[in-house]
Amino acid sequence: MAMGEHMLTVRDYDLAATLDSGQAFRWQRQGTAWTGVIDRCWVRLEAVPGGIRAQTAVPMTDWQWLRDYLQSEVDLATVWRTFPADPPMLAAMAACPGLRLLRQDPWECLVSFMLSATKQIVQIRQIIARLCERHGTVVAVPGGAPPAHAFPKAGQLAALSEAQLRDCKMGFRAPNVLAAARRVEAGEFDLERLRTLPLAAAREELMRLAGVGGKIADCVLLFAYGFNGAFPVDVWIKKALQELYFPRRRAPDKRLQRFAASHFGEHGGYAQQYLFHYMRTRKPPGGGGRKAG
DNA sequence: TACCAGGAGAGCG
DNA sequence: CGCTCTCATGGT
């Protein structure tokens with residue numbers, strides 16, 4: 001069967017770190033390659049000298065959708081220049097220079113992070129995998145590849161019962177996901193309109209959804225809409241800011257929030273991803289620590 | 001076993 | 001404003 005194949009020319013791109021850094025939850029490693037589904041399209045990606053090799057199940061004439069998702073046309077050096085040049089930030093950048101932000105679909109990103117509340121990343125992946133397998137549309141895959149599914153559209157989830165969602169192990173998050181799906185499907189909540197709003201207004205709008213507070217809203221603004229000023233503060237970032245920037249006094253959440261919003265510049269959310277990845281992957285001090293992920 | 005996880009929201013002082 | 005509790009589930 002005819003596949004699509006393309007070579008993305010890009011430097012400063014750590015594909016593995018980017019796809020496995022807790023911003024997207026559907027990518028699966030297969031040796032040196034990664035397979036996933038973007039919109040309704042199965043994709044296989046592999047880092048090669050000079051860039052990224054991409055394969056799809058069906059031939060493609062235009063690959064802009066993939067460059068958009070991977071944000072491969074972003075000049076990282078320009079982003080780095082806006083980061084504060086303090087020791088913690090330099091260490092986080094040195095630990096993973098090719099880490100990037102993706103540009104994901106807003107609906108998938110919103111639901112994914114609604115499901116992330118008090119869950120470990122491995123568990124978030126499991127819930128989403130179950131949700132897609134049971135309720136997402138089957139997509140074309142190359143011969144020999146395991147079956148794959150698109151992320152369920154709002155309309156598909158809106159038609160389900162709360163019990164069906166709970167069967168995907170999402171627990172107390174189920175009614176919130178269902179309510180969001182029904183509001184989006186009814187056209188009462190317009191995810192596309194958020195693109196036209198300034199950051200603060202888009203954030204307020206997202207937080208009107210039950211189960212979406214400031215942290216989840218910031219994740220969606222950053223990972224789906226490209227508001228690079230959005231700075232999600234989760235338990236890892238709290239730990240990072242506390243240990244790296246306030247080492248000898250306990251800083252209350254409020255103070256950490258203010259620091260996060262003011263210290264990291266116009267691409268603060270990007271800086272946040274470097275700190276997040278740094279904290280999750282660095283060797284635990286003193287040994288005997290747990291491994292993240 | 002006990003604790004915790006890329007939280008949110010309500011109740012209370 | 002602050003703190004505390006609950007929600008559901010499973011990894012370590």
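So you know, we letter chains A, B, ... as the sequences are listed, proteins then strands, and number each from 1. Here the structure is a predicted model, which is why all the values come from computation and not from measurement.
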Exercise. Would you find a donor on one side and an acceptor on the other, under 3.5 Å apart, between the side chain of A:Glu46 and the backbone of A:Ile52?
Worked result: no
Exercise. Can we say A:Glu162 and A:Arg166 salt-bridge, meaning some charged N sits less than 4.0 Å from an Asp/Glu carboxylate O?
Worked result: yes
Exercise. Which of residues 221-232 of chain A have a heavy atom under 4.0 Å from DNA chain B?
Worked result: A:Phe223, A:Pro232
Problem set entry | DNA chain B contacts among residues 96-111 of chain A, heavy-atom distance under 4.0 Å | none
Problem set entry | Ion pair check, A:Arg182 and A:Glu188, cut-off under 4.0 Å | no
For this session: Show your reasoning for whether side-chain contact (heavy atoms from CB on, under 4.5 Å) applies to A:Leu209 and A:Phe189.
Result: CA-CA 9 Å; A:Leu209 294 169; A:Phe189 195 95; 3.8 Å; yes
Problem set entry | Side-chain donor or acceptor of A:Gln30 paired with backbone N/O of A:Trp34 under 3.5 Å | no
For this session: Give a yes or no answer on whether the side chain of A:Glu108 reaches the backbone of A:Ala150 with a donor-acceptor pair at less than 3.5 Å.
Result: no
For this session: Would you kindly give the CD1-to-C1' distance between A:Ile127 and C:dG10, to the nearest whole Å?
Result: 9 Å
For this session: Using whole Å, report how far NZ of A:Lys238 lies from C1' of B:dG6.
Result: 11 Å
Exercise. Atom CG of A:Leu206 to atom C1' of B:dG7: distance rounded to whole Å?
Worked result: 15 Å
Problem set entry | A:Gln120, nearest nucleotide to its side chain (from B:dA8, B:dA5, C:dG2) | B:dA5
Exercise. Hey, what's the ring geometry for A:Trp27 with A:Tyr69, parallel, tilted or perpendicular (30° and 60° as the breaks)?
Worked result: tilted
Problem set entry | Euclidean distance for P, B:dC3 against C:dT6 (whole angstrom) | 15 Å
For this session: To the nearest Å, give me how far apart CG (A:Leu115) and C1' (B:dG6) are.
Result: 12 Å
Exercise. Contact class for A:Ser21 vs. all strands (heavy atom < 4.0 Å): base, sugar-phosphate, or nothing?
Worked result: base
For this session: Kindly state which residues belonging to residues 257-276 of chain A come within less than 4.0 angstrom of DNA chain B, counting heavy atoms of the residue only, listed by number.
Result: A:Gln272, A:Gln273, A:Phe276
For this session: Check whether any side-chain N or O of A:Asp190 sits under 3.5 Å from a backbone N or O of A:Glu192 as a donor-acceptor pair, and report yes or no.
Result: yes
Problem set entry | Same-atom distance (P) from B:dC4 to C:dT4, integer angstrom | 14 Å
Exercise. Stepwise, does the side-chain contact (heavy atoms from CB on, under 4.5 Å) test hold for A:Arg173 with A:Thr118?
Worked result: CA-CA 10 Å; A:Arg173 306 155 194 83; A:Thr118 48; 3.4 Å; yes
Problem set entry | d(CD1, A:Ile128; C1', B:dG6) in whole Å | 12 Å
Atom pairs, protein N/O to nucleotides 3-8 of chain C N/O, distance under 3.5 Å:
| residue | atom | partner | partner atom | Å |
| --- | --- | --- | --- | --- |
| C:dA8 | O4' | A:Phe172 | N | 3.3 |

Exercise. Does the ring-ring contact (aromatic ring centres under 6.0 Å, His included) test come out yes or no for A:Tyr270 and A:Phe264, once each step is laid out?
Worked result: CA-CA 9 Å; A:Tyr270 228 110; A:Phe264 294 95; over 10 Å; no
Tabulated below should be each protein N or O lying under 3.5 Å from an N or O of nucleotides 10-13 of chain B; please produce it.
none

For this session: Ignoring hydrogens and angles, tell me if any N or O in the side chain of A:Arg100 forms a donor-acceptor pair with the backbone of A:Val74 under 3.5 Å.
Result: yes
Problem set entry | Step-by-step salt bridge (Lys or Arg N to Asp or Glu O under 4.0 Å) determination, A:Arg193 to A:Glu205 | CA-CA 10 Å; A:Arg193 193 178 73 88; A:Glu205 197 67 18; 3.6 Å; yes
Exercise. Roughly how many Å is it from OH in A:Tyr278 to C1' in B:dG6, rounded to a whole number?
Worked result: 19 Å
Exercise. With a 4.0 Å cut-off on heavy atoms, is A:Gly22 in touch with a base, just the backbone sugar-phosphate, or nothing at all?
Worked result: base
Exercise. Under the salt bridge (Lys or Arg N to Asp or Glu O under 4.0 Å) criterion, do A:Arg125 and A:Asp20 qualify, and how do the steps go?
Worked result: CA-CA 11 Å; A:Arg125 284 207 192 94; A:Asp20 196 29; 2.5 Å; yes
For this session: Take A:Gln64 and A:Glu73, measure what side-chain hydrogen bond (donor to acceptor under 3.5 Å, both in side chains) needs, and give me the verdict at the end.
Result: CA-CA 10 Å; A:Gln64 189 58 37; A:Glu73 295 174 318; 3.2 Å; yes
Problem set entry | A:Asp167 and A:Arg134: CA distance, side-chain angles, deciding distance, side-chain contact (heavy atoms from CB on, under 4.5 Å) verdict | CA-CA 10 Å; A:Asp167 282 344; A:Arg134 295 188 182 183; 3.5 Å; yes
Exercise. How many Å lie between CG on A:Leu209 and C1' on B:dA8, as a whole number?
Worked result: 13 Å
For this session: Under 4.0 Å between any heavy atoms, over every strand shown, what does A:Ala174 touch: base, sugar-phosphate, or nothing? Just pick one.
Result: nothing
Problem set entry | A:Lys153 and A:Asp105 ion-paired at < 4.0 Å | no
Problem set entry | Candidate nucleotides B:dG6, C:dG11, B:dA8, ranked by approach to the side chain of A:Ile216 - the nearest | B:dA8
Exercise. In whole angstroms, how far is the P atom of B:dC4 from the CG atom of A:Asp234?
Worked result: 16 Å
Exercise. Given B:dG6, C:dC1, C:dG11, which nucleotide is nearest the side-chain atoms of A:Gln123?
Worked result: C:dG11
For this session: Output every pair passing ring-ring contact (aromatic ring centres under 6.0 Å, His included) with a member in residues 111-146 of chain A, not counting sequence neighbours, ordered by first then second residue.
Result: A:Phe25-A:Phe113, A:Phe113-A:Phe223
